[in-house]
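In what follows, a single structure is set out as structure tokens and then discussed.
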Amino acid sequence: MKPGNLKSLLLVMIGMFAVSVNVQAVEQVVATVDGTPILESQLKRALGKQANNATNRAKALDKIIDDMLVQKAVKEANVHISEGQLDKIVENIAAQNNMTYGQLLDALDYQGIGITKFRNNIRNQLMMAEVRNRSIGKNIDVTREQVETLSKQMLEQAKTQGKKAQVTGTEYQVRHILLKLNPLLNDAQAKAQLNQICSDIQSGKTTFAAAAKDYSKDYLSGANGGDLGYAFPEIYDPAFGQVIKATKKGVISAPFKTQFGWHILEVTDTRQGDMTEAAYRQKAYETLVNQQLQDDAKDWVKALRKGAEIKYLVK
């Protein structure tokens, strides 16, 4: 290769490198939202004619982040408003304004809106209201520590004021047999096996305690004949607690499924127990949730940030 050609090639390479560096600088990632990058060029577009200073950049970046979170919330909510729903709403609006449907159309035309635009506005309002409500509920975050701390404060305050109310409830002594699903045991097979075990217990071929020791995959209670001791139904899986309350004492339930597998259970005894602390914990939980709902409702877009992973890479 001639020296002149080598020089030209080096100049071209240097030029390409300069362009590459320049593009990289323009497309620098300034932040990410749940792994999705925000580029410097996006930020500059958001700034528009505003001065490119720290204050304006921060405001513009926050606006981009909020828009991204709202778009994501809309997509995840997947809200659909049917034409039938819109028909009823439009009819109700006409009725509330003492108009016929035709008179409403005339009024909309007079205002230059038109029925199509009117329906689309209603659709968007309904959709965003639903997205807002779902997002607020989804981002509620109450910890066990918060509940315990507030419940103790509320209980102590009630004692000090002489307003402590004793709350009692029914505790159930329960025993159960659990079968867990696996590649060799599906839902139908587990249910059939529990029906057979129940039949054997009722016919006297075995006892509940013996069957629990032989078959239950809850090994801790199984070694004790399936006995779970006395407890309030609310401490269990909701499906398990519902069956406890629906099952008469001394009667073996039909097989039922929870997140842990398939069960049969028997209520062997009941007694009244002190639920005062549990009641105050529930009251504390509801208080904390309601407070968060009120705070998040004031600025639901801000609430979306609690459930997002936002990283600022360049200030």
N-O pairing of Lys63 and Asp67 below 4.0 Å: yes
When you check the gap from the basic side-chain N to the acidic O, do Glu83 and Arg123 get nearer than 4.0 Å? yes
Decide if atom CZ of Arg144 counts as having more than 12 heavy atoms of other residues, nucleotides or ligands within a radius under 6.0 Å. no
Tell me whether the count of non-hydrogen atoms from other residues, nucleotides or ligands lying under 6.0 Å of OH in Tyr285 goes above 12. no
ring-ring contact (aromatic ring centres under 6.0 Å, His included): pairs with one or both residues in residues 173-221, sequence neighbours excluded: His176-Phe240, His176-His263
Got a salt bridge between Glu40 and Arg57, using NZ or NE/NH1/NH2 to carboxylate O under 4.0 Å? yes
Would you mind listing the cluster partners of Val251? Hydrophobic ones only (ILVMFWY), side-chain contacts under 4.5 Å, chaining allowed. none
Are Val30 and Met68 connected in the hydrophobic side-chain network, where two residues link if heavy atoms are under 4.5 Å apart? yes
Are the charged groups of Lys311 and Glu309 less than 4.0 angstrom apart, N to O? yes
Hey, could you give me each pair passing ring-ring contact (aromatic ring centres under 6.0 Å, His included) that has a residue in residues 63-97? Not counting sequence neighbours. none
Could Asp62 and Arg305 be called an ion pair, given the rule that one side-chain N must be under 4.0 Å from one carboxylate O? yes
Are any of the side-chain nitrogens in Lys283 or Glu286 under 4.0 Å away from the carboxylate oxygens of its partner? no
With no hydrogens and no angle check, just 3.5 Å: does a side-chain donor-acceptor pair link Thr170 and Gln272? yes
Under a plain distance cut-off of 3.5 Å, with no hydrogens placed, do Gln146 and Thr143 share a side-chain donor-acceptor pair? yes
Would you mind checking if Lys180 and Asp218 are paired as a salt bridge, meaning a charged N to carboxylate O distance below 4.0 Å? no
Side-chain H-bond candidate by donor/acceptor type, Gln196 with Asp200, under 3.5 Å: yes
Decide, yes or no, whether a salt bridge links Glu277 with Lys152 under the criterion of side-chain N to carboxylate O below 4.0 Å. no
